[in-house]
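Everything quoted here is computed from the prediction, not taken from an experiment.
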Amino acid sequence: MAANDKTMVSERTGKEMKVAFSRPESLLPVVTNYCPGCTHGIVQRLVAECMDEMGIEGKTVGVAPVGCSVMCYDFFSCDMIEASHGRAPAVATAVKRVHPDDMVFAYQGDGDLASIGMAETVHAATRGENITVIFINNAIYGMTGGQMAPTSLPHQVTQTSPYGRDAQTAGYPIRVCELLSTLDGVAYLERVCTDSPKNVRKAKKAIRKAFEYQAEGRGYTLIEVVATCPTNWGMDPNQAMEWMRENMLPYYPLGVYKDVVAEGFENAAEAAFDRAKGCPMVANYGKDGE
């Protein structure tokens with residue numbers, strides 16, 4: 001992380017030097033327990049860097065549900081709440097409504113968000129809850145042993161699909177950004193990746209933008225991170241990264257899937273009203289509810 005105007009004194013020369021790279025203050029000085037090659041650590045560092053740069057660590061609440069993502073409470077120095085499997089959006093909704101001035105984010109994996117938590121995800125998004133979700137999509141259940149997830153690719157081999165995912169019986173993968181982009185309460189959706197320095201910078205920019213939109217009260221925001229799971233994919237880190245590029249990125253294309261500000265609206269509510277202005281009941285009610 002490029003530190004802003006931070007300096008240190010060299011023990012060897014006694015001269016003052018500018019700090020070019022250091023651990024974010026919002027990230028605790030503990031040893032990681034993620035598997036080698038797992039990209040959770042990269043994403044969590046980016047979240048922490050954004051908290052530092054925005055000066056919001058003291059007013060941020062994170063929600064960690066079940067899965068590998070639950071371990072993030074070991075690493076962030078902000079307040080953290082553990083949620084039941086899939087219920088992070090509901091818990092985050094409660095925190096945000098009670099403390100509307102706090103920054104509230106949920107950090108979720110694909111099995112958690114898109115399977116048992118799909119109802120909470122969809123309803124928090126369609127209500128336009130002013131929260132941010134960091135969504136890790138590695139196409140598999142990580143913590144529980146590598147079962148097929150809602151995002152597992154067709155023909156992908158997992159512990160519960162040893163011959164590959166059969167779309168005829170198991171259905172097709174869920175593209176979360178594309179699905180949520182149809183909902184009126186959503187202000188910003190972007191799918192990113194952390195497989196290169198360039199994409200890491202893009203991912204950080206997207207996370208920062210999502211937090212800024214929340215601070216400005218624009219509505220629900222979600223950043224989907226296409227990620228790897230070398231352990232459960234049965235690959236080394238380099239193989240996993242290449243497999244992700246070759247297979248996941250064509251199925252889950254990177255990019256912005258919704259941005260109401262870029263569309264010319266102040267927030268998700270204003271955009272929703274504009275889309276429904278042809279309905280007399282909506283038009284007569286008024287976009288401010290008056």
Side-chain angles (χ1 to χ4, degrees), residues 39-40 42-47 49-51 53-54 56 88-89 92 103-110 113-114 118 121-139 150-151 153 172-228 244-276:
T39 49
H40 271 297
I42 299 175
V43 179
Q44 289 170 18
R45 181 187 176 91
L46 297 182
V47 172
E49 287 182 359
C50 290
M51 283 195 278
E53 293 170 8
M54 296 176 68
I56 58 173
M103 191 70 68
V104 181
F105 73 94
Y107 188 94
Q108 300 180 258
D110 46 5
L113 181 145
M118 180 54 86
T121 294
V122 169
H123 286 284
T126 201
R127 291 194 306 267
E129 299 293 346
N130 194 39
I131 60 174
T132 297
V133 176
I134 309 299
F135 166 48
I136 308 299
N137 175 6
N138 57 18
T151 52
L153 300 176
Y172 293 92
I174 295 174
R175 293 181 172 97
V176 171
C177 278
E178 290 86 335
L179 174 68
L180 297 183
S181 68
T182 66
L183 303 178
D184 284 338
V186 175
Y188 176 54
L189 298 168
E190 185 167 354
R191 182 181 290 133
V192 299
C193 190
T194 59
D195 67 325
S196 67
K198 179 180 178 180
N199 280 338
V200 168
R201 289 192 294 270
K202 286 184 177 180
K204 179 179 176 180
K205 184 178 179 181
I207 293 169
R208 172 72 181 260
K209 189 173 185 178
F211 280 156
E212 289 173 345
Y213 275 24
Q214 182 183 159
E216 294 159 357
R218 300 191 188 276
Y220 178 95
T221 55
L222 178 143
I223 304 302
E224 177 179 348
V225 185
V226 181
T228 62
M244 180 195 69
R245 294 190 188 105
E246 291 180 357
N247 295 282
M248 290 188 68
L249 295 187
Y251 206 93
Y252 298 108
L254 306 182
V256 176
Y257 283 82
K258 191 168 187 178
D259 185 344
V260 295
V261 175
E263 295 170 10
F265 302 102
E266 182 68 22
N267 51 44
E270 186 176 285
F273 176 80
D274 184 75
R275 284 191 291 275

Nearest non-hydrogen partners of V260 and V186, listed with the distance: CG1-O, 3.6 Å

Is the shortest heavy-atom distance from the side chain of I207 to the side chain of M51 under 4.5 Å? no

With sequence neighbours excluded, residues passing side-chain contact (heavy atoms from CB on, under 4.5 Å) with E266: R218, E270

S181 side, atom OG; Y257 side, atom OH - distance, nearest 0.5 Å: 9.0 Å

For R208, all residues meeting side-chain hydrogen bond (donor to acceptor under 3.5 Å, both in side chains), sequence neighbours excluded: E53, E212

Identify the heavy atoms of A125 and L183 that sit nearest to each other, and give their distance. CB-CD1, 3.8 Å

What's the shortest heavy-atom distance between A187 and T221, and which atoms? CB-CG2, 4.4 Å

Enter the distance from T39:OG1 to Q44:CD here, rounded to the nearest 0.5 Å. 10.0 Å

My understanding is that only residues two or more places apart in sequence, or in another chain, count here; which of them pass salt bridge (charged side-chain N to carboxylate O under 4.0 Å, His left out) with R245? D195, E242

Which of N137, I174, I136 passes side chain to side chain contact (heavy atoms under 4.5 Å, CB included) with D110? It is N137

Residues in side-chain contact (heavy atoms from CB on, under 4.5 Å) contact with R127, at least two apart in sequence or another chain: T93, R97, H123, A124, E129

Of the non-hydrogen atoms in H40 and Y107, which two are nearest, and what is the gap between them? ND1-OH, 2.8 Å

Looking at residues at least two apart in the chain, or sitting in another chain, which of them share a ring-ring contact (aromatic ring centres under 6.0 Å, His included) with Y213? Y188

What distance separates C177 SG from L254 CG, expressed to the nearest 0.5 Å? 10.0 Å

Out of the candidates R201, K204, K205, only one should pair with E49 under the salt bridge (charged side-chain N to carboxylate O under 4.0 Å, His left out) rule; please name it. K204

Please list, chain by chain and in numerical order, all residues satisfying side-chain hydrogen bond (donor to acceptor under 3.5 Å, both in side chains) with K209, sequence neighbours excluded. D259

Please identify each residue that fulfils ring-ring contact (aromatic ring centres under 6.0 Å, His included) with Y220, with sequence neighbours left out. none

Check side-chain hydrogen bond (donor to acceptor under 3.5 Å, both in side chains) between T121 and all other residues, then give those that pass, not counting sequence neighbours. none

With side chain to side chain contact (heavy atoms under 4.5 Å, CB included) as the test, would you mind laying out the steps for E224 and L189 before giving the verdict? CA-CA 8 Å; E224 177 179 348; L189 298 168; over 6 Å; no

Rounding to 0.5 Å, atoms CG (N247) and CG (L249) come to a distance of 9.5 Å

Kindly write out the residues that satisfy side-chain hydrogen bond (donor to acceptor under 3.5 Å, both in side chains) with D274, not counting sequence neighbours, or none if the list is empty. K277

Steps toward side chain to side chain contact (heavy atoms under 4.5 Å, CB included) verdict (V133, Q108): CA-CA 7 Å; V133 176; Q108 300 180 258; 3.6 Å; yes

Set of ring-ring contact (aromatic ring centres under 6.0 Å, His included) partners for F135, sequence neighbours left out: none

Derivation of the side chain to side chain contact (heavy atoms under 4.5 Å, CB included) call for T228 and N138: CA-CA 5 Å; T228 62; N138 57 18; 5.8 Å; no

What distance separates D184 CG from T126 OG1, expressed to the nearest 0.5 Å? 6.5 Å

T194 side, atom OG1; N199 side, atom CG - distance, nearest 0.5 Å: 8.0 Å

Apply side-chain contact (heavy atoms from CB on, under 4.5 Å) to T182 and list each qualifying residue two or more places apart in sequence or on a separate chain. none

Testing the basics here: between V192 and A203, what is the closest heavy-atom pair and its distance to 0.1 Å? CG2-CB, 3.7 Å

For E190, all residues meeting salt bridge (charged side-chain N to carboxylate O under 4.0 Å, His left out), sequence neighbours excluded: none

Side-chain touch K202/S196, heavy atoms, less than 4.5 angstrom: no

Is the Lys NZ or Arg CZ of R191 less than 6.0 Å from the centre of Y252's six-membered ring, within 45° of the axis? no

Minimal heavy-atom distance between V225 and C193, with the atoms involved, is CG1-CA, 4.4 Å

